[in-house]
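Heavy-atom basis, side chains included; hydrogens, waters and symmetry copies ignored.
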Amino acid sequence: MNLDKKSLNSQLKSRAVSFVLVIIMVGSLLGIGWKSWTSRTAKKATFVEAKIPPLADRDMEPQVRQHIESVQESCQRVIENLQAAPTQRCRAYGELGKVYAAYSMSIPAIACLANAGRLDTGDFRWPYLQAHMHKKEGELGLAAAAMAEALRRIPDDPGATGADELAARCFLGEMAQRLDQPAEARLLFDDVLKMHPRCVFALFHRGQLAAQQEQSQAALDDFLHALELMPQSSAI
């Protein structure tokens with residue numbers, strides 16, 4: 001049977017609509033909506049969910065326990081709601097991570113802060129705090145990687161300050177020094193002192209590096225300069 005072009009297009013459109021309707025009906029019968037399926041898939045692919053640690057065996061003041069449990073409850077409601085906006089889930093993960101960090105619960109803090117950082121790739125605070133938690137756990141390589149990510153975000157984050165950048169650079173220098181990478185550490189502290197010549201932290205640590213390499217005069221110069229800037233310091 002011969003069909004003109006208009007009739008053929010009409011039939012193709014009708015069949016396409018019918019096919020889509022069948023797919024939607026099958027999905028409904030299986031309890032799978034397009035939106036919920038994509039949400040679950042994205043969540044599974046993107047996040048390693050933070051495990052909420054049991055508090056029963058922890059020795060803590062009743063007020064502290066009550067505070068943590070209250071924040072856990074409110075944040076978990078948002079985190080587990082797949083319909084919540086990414087900004088809401090990010091805020092929940094971040095707040096929960098900060099509370100864990102405040103009470104030295106580093107492992108769940110790291111997981112929460114990592115999730116917050118994935119949801120908001122522009123906020124430097126999440127990898128910055130995560131770096132400090134890794135450092136607390138002795139995970140110096142992970143600490144350096146997280147802080148490098150924080151430093152990468154700082155120029156484009158309107159909430160970041162010059163003090164934040166200085167702290168991040170000093171942190172990276174310290175991690176390089178503790179990871180037995182003296183050349184890298186020296187370069188990092190040199191860069192800090194080019195931008196902030198009066199940074200006592202960088203002067204002191206660069207002096208340590210010089211002393212370790214038996215560069216006595218360079219070490220003495222940095223130590224004396226640091227002492228001039230902070231004469232009350234007992235560490236110099």
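Under the 4.5 Å side-chain heavy-atom criterion for ILVMFWY residues, no single connected hydrophobic cluster contains both Leu82 and Val78. Cluster annotation: Val71 is connected to Tyr100 through the hydrophobic network of ILVMFWY side chains, with a link wherever side-chain heavy atoms come within less than 4.5 Å.
Clustering of Ile, Leu, Val, Met, Phe, Trp and Tyr by side-chain heavy atoms under 4.5 Å joins Phe201 with Phe189, Leu209.
Here the straight-line distance linking atom CD of Glu174 with atom CG of Leu188 works out to 12.0 Å at 0.5 Å rounding. How far CD1 of Ile110 is from NE2 of His132: 12.5 Å, rounded to the nearest 0.5 Å. Separation of atoms OH (Tyr128) and CG (Leu151) is listed at 10.5 Å; rounding is to 0.5 Å.
Between the side chains of Gln76 and Gln72, no donor-acceptor pair is found at a separation under 3.5 Å. Using a 3.5 Å distance cut-off with no hydrogens or angles, the side chains of His205 and Gln177 do pair a donor with an acceptor.
The pair Glu149-Arg153 counts as a salt bridge, with a side-chain nitrogen and a carboxylate oxygen less than 4.0 angstrom apart. Here Arg77 pairs with Glu73 in a salt bridge; the nearest charged N to carboxylate O distance falls below 4.0 Å. Ion pairing of Asp190 with Arg186 is present here, as a side-chain N (NZ or NE/NH1/NH2) and a carboxylate O approach within less than 4.0 Å. A salt bridge links Arg169 to Glu165: at least one charged side-chain nitrogen sits closer than 4.0 Å to a carboxylate oxygen.
Under a cut-off of 6.0 angstrom, the local environment of CD in Gln213 is crowded, with over 12 non-hydrogen atoms contributed by other residues, nucleotides or ligands.
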Exercise for the section: May I have the step-by-step check of side chain to side chain contact (heavy atoms under 4.5 Å, CB included) for Leu119 and Thr87, ending in yes or no? Expected result: CA-CA 7 Å; Leu119 282 163; Thr87 53; over 6 Å; no
